[in-house]
Amino acid sequence: MYEQLALYIDGEFLTGNGRTEQQIINPATLEPLGLLPHASRADLDQALLSAHRAFSLWRDTPAVERSRILRRAAELLRERRRDIATSITLDEGKPLREAISEVQTSVEHLEWHAEEGRRIYGRIIPPRSLNVRQMVLREPVGVCAAFTPWNFPLGQAIRKVGAALGAGCTIIVKGAEECPSGIVAMARAFHDAGLPHGVLNVVWGVPSEISEYLLASPIVRQVSFTGSVPVGKHLASLAGAQMKRMTMELGGHAPAIVFDDADIDHTAAMLARYKLRNSGQICISPSRFFIHEKVYDQFVSRFVETMRTVKIGNGLEDGVEMGPLVHQRRVEWMQQLVDDARSRGATVLLGGKRLDLPGHFFAPTVLTEVPQQARILHEEPFGPIAPLIRFNDTDDVLREANSLPYGLASYVFTNSIATATKASNALEAGLVYVNQIAVVAETPFGGIKDSGIGSEGGAETFDCYLNTKYVMQG
Ligand code: NAD
């Protein structure tokens with residue numbers, strides 16, 4: 001039941017045929033799932049050429065027609081959600097329930113872009129002379145190249161594809177090779193929805209080779225990446241050297257601040273479950289927990305108790321709430337972070353080691369008494385580890401929360417409007433959640449500082465895919 005893997009170039013699904021192939025592995029069982037064809041140089045040239053050719057057609061396609069095709073692709077994804085989600089669970093590892101939710105959220109993102117794409121307006125500026133007309137036009141930038149990660153293999157790609165196609169651009173997507181099924185399924189939905197050939201292309205290969213080749217091409221006018229800060233900075237410098245537009249959705253190290261007037265039992269249980277979604281492999285996953293000292297013991301005991309009850313295993317099995325990590329590198333990184341914290345004096349209250357299962361499983365882990373120098377408090381964990389830290393002063397905790405170069409998500413739990421307002425004003429982050437957590441298509445999503453440039457979703461979603469042209473007509 002695993003997706004038939006392929007490249008998608010100029011409207012054709014391409015497999016094997018002498019190309020290098022990569023084996024895809026199920027991270028829960030380490031069993032092989034399928035072979036992923038890598039794009040040759042000739043394939044990449046063909047993708048560039050077809051995206052370039054298709055741009056002149058797609059740019060001039062009426063917005064209402066572009067919207068119709070995006071909507072149809074969304075409907076097909078919805079109809080196929082069970083199969084697509086099963087494949088995502090097989091190659092990414094997340095529980096099936098989470099994979100179904102990823103497909104549903106992706107459908108909503110596509111529908112949002114289909115709707116908003118019909119509302120890309122210019123404007124008329126009052127002239128200084130009656131026989132002059134001053135107009136501002138918004139035009140698609142051209143061919144885009146998108147590099148998307150493995151944690152939400154379909155969801156992260158849909159945001160970029162929806163924004164590019166909704167704006168009238170064409171796009172070449174390279175997803176994460178570890179988890180390719182969601183993107184191939186997305187390409188099939190667009191193909192079956194009648195998307196003209198070349199508007200969307202999907203390629204696979206060695207990430208650095210593909211990104212360097214595509215970014216060097218003058219055909220590519222916009223670059224979009226979701227992934228780690230170091231890779232994002234590298235791609236941004238390649239794009240900057242050629243003055244290409246860019247959207248960068250990079251890592252974070254989200255503070256979650258729990259004040260003493262919050263509903264502690266509810267917050268602790270909710271945060272413990274939220275922390276383990278996708279095994280903690282989410283860029284907005286809370287990763288530094290600051291708890292007011294008056295409620296610290298109560299919070300810790302409820303948090304640990306909840307994490308202990310989470311059922312871990314193969315995401316296709318009934319009732320499983322946490323799957324494996326995506327690859328062995330991540331398990332090793334979790335162990336390094338725990339060992340480092342322990343060696344500096346931290347207490348491991350729960351977990352702290354890989355689980356005795358065939359796949360890449362790491363135990364839900366709670367650390368307390370973590371010294372300031374521990375790496376976990378500075379470097380993005382991207383896994384199921386929660387360091388719990390005491391605080392007693394609001395200004396101090398806000399300073400501490402802002403002390404890292406990251407600025408993606410932040411969380412505040414309080415029943416005081418004054419505290420909520422003070423914290424949301426002070427936090428240096430693209431996203432501030434107060435007593436609530438949800439990511440929906442109609443709101444902007446993006447980081448500041450090292451966490452990125454630009455927003456995906458919301459009314460801002462097309463900004464990076466459009467040029468502004470001023471026309472003065474006498
Ligand atoms: P990694 O940095 O090796 O890879 C991260 C992603 O970037 C992968 O999808 C990979 O295919 C891609 N990539 C790497 N080098 C590239 C290049 N030169 N050109 C184009 N794409 C490239 O790290 P990893 O171990 O696979 O993942 C762990 C880190 O990735 C985490 O610490 C996290 O910061 C980051 N990450 C972030 C997100 C996010 O949503 N912001 C998602 C997944 C991973």
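Small disclaimer: the values here were computed from a predicted structure and weren't measured. For this chain, numbers begin at 1 and follow the sequence in order. Just so you know, ligand 1 is whichever comes first in the structure, and atom 1 is the first atom listed for that ligand.
For ligand 1, the atoms closer than 4.0 angstrom to any heavy atom of L235 are 19 (N), 20 (C). Listed by number with element, the atoms of ligand 1 under 4.0 angstrom from any heavy atom of S208 are 17 (C), 18 (N). For ligand 1 and E249, the ligand atoms under 4.0 Å from any heavy atom of the residue are 41 (N). Near Q156, with a cut-off below 4.0 Å to any heavy atom, the atoms of ligand 1 are 40 (O). The distance from ligand 1 to the heavy atoms of G227 drops below 4.0 Å at these ligand atoms: 35 (C), 36 (N), 37 (C), 38 (C), 41 (N). Close approach of ligand 1 to A176 (heavy-atom distance below 4.0 Å) involves ligand atoms 9 (O). Residue L250 approaches ligand 1 through these ligand atoms, each under 4.0 Å from one of its heavy atoms: 41 (N).
In terms of protein heavy atoms, atom 38 (C) of ligand 1 is closest to F382 CZ, 3.5 Å. The protein atom (non-hydrogen) at minimum distance from atom 10 (C) of ligand 1 is P207 CG, 4.5 Å. Nearest non-hydrogen protein atom to atom 28 (C) of ligand 1 is R330 NH1, 3.0 Å. V231 CG1, 3.4 Å is the protein heavy atom nearest to atom 16 (C) of ligand 1. Among protein heavy atoms, atom 24 (P) of ligand 1 sits closest to R329 NH2, 3.6 Å. Of the protein's heavy atoms, W150 CZ2, 3.4 Å lies nearest to atom 27 (O) of ligand 1. In terms of protein heavy-atom proximity, atom 34 (O) of ligand 1 is nearest to E380 OE1, 2.4 Å. Residue, atom and distance of the protein heavy atom nearest to atom 39 (C) of ligand 1 are C283 CB, 3.4 Å.
Residue T226 has no N or O atom closer than 3.5 Å to an N or O atom of ligand 1.
Contact annotation for F225 and ligand 1: only side-chain heavy atoms (C-beta onward) come within less than 4.0 Å of the ligand. Only side-chain heavy atoms of S211 come within less than 4.0 Å of ligand 1; its backbone N, CA, C and O stay farther off. When heavy-atom distances to ligand 1 are checked against a 4.0 Å cut-off, V229 has no atom that comes that close, whether in backbone or side chain. Neither the backbone nor the side chain of Q281 has any atom closer than 4.0 Å to an atom of ligand 1 (non-hydrogen atoms only).
Using bins of under 30°, 30° to 60° and over 60° for the plane-to-plane angle, the ring pair F13/H191 lands in the perpendicular bin.
Residue contacts with ligand 1 include H327, since one of its heavy atoms falls under 4.0 Å from the ligand. Residue-ligand proximity: T148 is placed with a non-hydrogen atom under 4.0 Å from ligand 1.
The only option from R344, Q336, R342 that meets the side-chain hydrogen bond (donor to acceptor under 3.5 Å, both in side chains) definition with D340 turns out to be R344. Exactly one residue among T105, V107, I84 makes a side chain to side chain contact (heavy atoms under 4.5 Å, CB included) with L154. That residue is I84.
Looking only at distances, no side-chain donor or acceptor of R19 sits under 3.5 Å from a matching main-chain atom of L14. A donor-acceptor distance shorter than 3.5 angstrom exists from the side chain of W204 to the backbone of A6, with no hydrogens or angles considered.
R59 forms a cation-pi arrangement with F55, by the criterion of a distance under 6.0 Å to the ring centre and an angle within 45° of the ring axis.
Of the charged side-chain nitrogens involved, none lies within less than 4.0 Å of a carboxylate oxygen, so that E317 and K311 do not count as a salt-bridged pair. A salt bridge links R390 and E369; the closest N-O separation between the charged side-chain nitrogens and carboxylate oxygens is under 4.0 Å. Using a cutoff of 4.0 Å between basic side-chain nitrogens and carboxylate oxygens, E115 and R71 are scored as salt-bridged.
Between S228, S451, G252, it is S228 that holds the heavy atom closest to atom 29 (C) of ligand 1.
Checking atom 42 (C) of ligand 1 against the protein gives a heavy-atom contact under 4.0 Å.
A 4.5 Å side-chain heavy-atom check between D10 and E12 finds every atom pair outside the cut-off.
Taking the six-membered ring where the residue is Trp, the centroids of F290 and F391 are separated by 6.0 Å or more.
Applying the ring-ring contact (aromatic ring centres under 6.0 Å, His included) test to residues at least two apart or on different chains, the pairs with a partner in residues 140-190 are W150-H327, W150-F382.
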Full working for salt bridge (Lys or Arg N to Asp or Glu O under 4.0 Å) between D192 and R80
CA-CA 12 Å; D192 296 345; R80 300 171 186 176; 2.8 Å; yes
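For K449, the side-chain contact (heavy atoms from CB on, under 4.5 Å) partners two or more places apart in sequence, or in a different chain, are E428.
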